[in-house]
2 protein chains.
Amino acid sequence: MGNIKKDLDNIQVVSTSFECSMTADVALFGFNEGELKILLTKRSVGLKKNFWLLPGGIMEEEETLEQCATKVLLYLTGIKNVPMQQVKAYSKLKRHDVKRVVTVSFYALVQPKNHPIEQKVNVTETKWFNIKELPKKIGFDHKEIITDALKLLQYNLNHHMTFGQLLPETFTLNELQSLYEAVLNEQLDRRNFRKRISQLELLENTGIIKKGVKGGPFLYRILK
Amino acid sequence: MGNIKKDLDNIQVVSTSFECSMTADVALFGFNEGELKILLTKRSVGLKKNFWLLPGGIMEEEETLEQCATKVLLYLTGIKNVPMQQVKAYSKLKRHDVKRVVTVSFYALVQPKNHPIEQKVNVTETKWFNIKELPKKIGFDHKEIITDALKLLQYNLNHHMTFGQLLPETFTLNELQSLYEAVLNEQLDRRNFRKRISQLELLENTGIIKKGVKGGPFLYRILK
DNA sequence: TCAAAAGTGTTTTAATTACACCCATGC
DNA sequence: GCATGGGTGTAATTAAAACACTTTTGA
C-alpha cells in the first residue's frame, strides 16, 4: 500500500496530490431482430488496435463523467441524445498498458436503426455484436465492464421496466416481451407477462393497430 | 462540453491527457444499541474544518480505489480489516472547492465496540451518528453519498443477507432482526422474519444459549 | 383459405402476511 | 414469582406459474 508517511501527508487533497487520467466507457446496448446487441469499436490509433473496445475516452477538466460518456459516444459513433446510467469504477493498477487510468462505465440504450453508425476519426471499424456472440479479442477489462453493465440493465428492466430507447415510442406487447426475453436471456409466458406488465400501470394502449404484422396487435406507449 | 477539436484529439489517453485527483470516501456503518450509525469526522486541516465528513482521502499512484478506501479508513480512524463495497463515482465540477476532484464511494460494516476510534493526525473529532440524526453541516456532497450508500446497503441486506461485521460472529435471531429493522427502517414480524431467514439456509444454530438475556436465546452463526 | 401471430381467464401452486400462546430466564 | 424476551405454527391472503382456445391478419 506504499509509503505510510507519504500517504499520511497526502491524504488531504493538496496541490501536490497524485493525479490520474480518467476515462468513461460506454456499454451501448441495442435491440434489433429480437436480439440484444452491444456496440464495439476498433481504433486506428493508440493501443489495442487489434482489439474490440467499448466506446470510451478521457475525461476533460470541464466535464463530468456523465458528460464525458455522452461526448465519447458522439465522437466515436455519432450517436447522441441517449441518457447514461453509471455502472461502476475500475481502478486496477495495470488495466491500461501505458499509464494509470481509472475508468467509470456507463450503459445506454438505443435502437440501432435510429442511429446509423458514423465512421469517425480514430476508428477503423464499429459493429453491433449479439450479446451472446462477443468477439474473443476484447481489450482492456472491457469484457468485465460489459458483464457488469448487462447485469445492471437486467436488474433495472426487471424491477423498473427501464428500457430507454431500446424500443420505438410505440410498440406491441410482443415486441416488449421479446425485448425482455433477449435482455434476461430466458423465455417468458405470454399471458403471465402481459398480466405482470399491465398491473404495473406504466403503459397505455394507443388504440392503434400495427400494420404489416399478422394478428393485428395494438401499439402501446409509456404512460407519461 | 468544451472545445470539440481539442476533445477529438484527446479522446485517446496520451501523455498530455487531463489528469485529475481522485479520492475514495468511506461510509462506515456501525450497529449499536439497536441503531444503525455512521462514522463522521471533522478534520483539522484543509477545507471544511467546520463540517462533518466521511473518512476519505486521495488515491495514490500505486493503489486501487479499494485499497485507497481501506487506507484512508485506517489512517483517519484506525479501523482495519473491513471489506469494502463500491457504491458510486461522483464527478460534479465544483464538488471540491479548490480543485477538480472525482471521488468514488464505498461502504463498510463494523461493530463500533470492536473498533475503538483512534484519534488520528489531521482529525479533530470522530463520532458515530445515528443514521436518522445526521448533523446539518455535512461537507462536500457527502450527504448524498451517505444516502446512496445506505440504499445499496439496504438492497444488499434484503437480497443477500450481507451484513458484514455489523454483528458479532455469533448472534441471536432477535439481534439479527433488530439489525434488519434498523437498516431498513421498518418493523418486522418476528415469526415471519425467522421463517424467511431460516429458509435461506445461510445460518446455523450453534446450540449455545446466550447468557445474560431473558428467555435463553440460541446463538447462530453464518454457515460456511 | 390457411398459416402465423394476437388476445384473453382460470386453476393450481407457492409465497407472504397476520396473528397468540407457552416457555425460559434474569431480576 | 413475575416481568421480559424467546420460541413456535396455522389459517388467510396475495402473488406467481401453468396452461388452450378463439380471433385477426397477411400472404
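Here is the naming used below: chain letters follow the sequence lines, and residue numbers restart at 1 for every chain.
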Its dot-bracket string being built from Watson-Crick and G-U pairs below 3.5 Å, with | for another strand and [ ] for crossing, DNA chain D has the pattern |||||||||||||||||||||||||||
Below 3.5 Å, does any donor atom in the side chain of [X] face an acceptor in the base of [N], or the other way round?
X        : N      : value
B/Arg191 : C/dA20 : yes
A/Lys214 : D/dT23 : no
B/Lys210 : C/dT25 : no
B/Lys195 : C/dT17 : yes

inquiry  = Side-chain N or O of B/Arg196 versus OP1/OP2 of C/dT16: is the shortest distance under 4.0 Å?
reply    = no
Atom [atom1] of [X] to atom [atom2] of [N]: distance rounded to whole Å?
X        : N      : atom1 : atom2 : answer
A/Leu200 : D/dA15 : CG    : C1'   : 13 Å
A/Gln187 : D/dA17 : CD    : P     : 15 Å
A/Ile209 : C/dA6  : CD1   : C1'   : 10 Å
A/Gln199 : C/dT8  : CD    : C1'   : 15 Å
A/Phe171 : C/dA6  : CZ    : P     : 14 Å
B/Leu219 : C/dT25 : CG    : P     : 13 Å
B/Gln177 : D/dG7  : CD    : P     : 11 Å
B/Tyr220 : D/dG6  : OH    : C1'   : 10 Å

Of D/dG5, D/dC19, C/dA6, the nucleotide closest to the side chain of A/Pro217 is C/dA6
* Asked: Which listed nucleotide (C/dC19, C/dT10, D/dC19) is nearest to the side chain of B/Asn192?
  ->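 Between C/dC19, C/dT10, D/dC19, the one nearest the side chain of B/Asn192 would be C/dC19.
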How are the rings of A/Phe140 and A/His96 set to each other: parallel, tilted or perpendicular (split at 30° and 60°)? parallel
For the residue pair B/Tyr107 and B/Leu152, establish whether any side-chain heavy-atom pair is separated by less than 4.5 Å.
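B/Tyr107 vs B/Leu152: side chains touch.
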Query raised in the report: Would a line drawn from the ring center of A/Phe163 to the ring center of A/Phe171 be shorter than 6.0 Å?
Result: yes
Between [X] and [Y], is any side-chain donor less than 3.5 angstrom from a side-chain acceptor?
X        : Y        : result
A/Asn158 : A/Tyr180 : no
A/Asn50  : A/Arg43  : no
B/Thr103 : B/Asp25  : yes

Over all strands shown, is [X] touching base, sugar-phosphate only, or nothing at heavy-atom distances under 4.0 angstrom?
X        : value
B/Asn174 : sugar-phosphate
A/Arg190 : base
A/Gly215 : base

Checklist entry - Is B/Glu175 paired with B/Lys210 through a side-chain N to carboxylate O contact shorter than 4.0 Å? => result yes
Position toward the 5' end of DNA chain D (nearest nucleotide), A/Asp189 or B/Arg194
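Residue closer to the 5' terminus by nearest nucleotide: B/Arg194.
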ask   = Is B/Lys37 positioned over the aromatic face of B/Phe29, cation under 6.0 angstrom from the ring centre and no more than 45 degrees off axis?
value = no
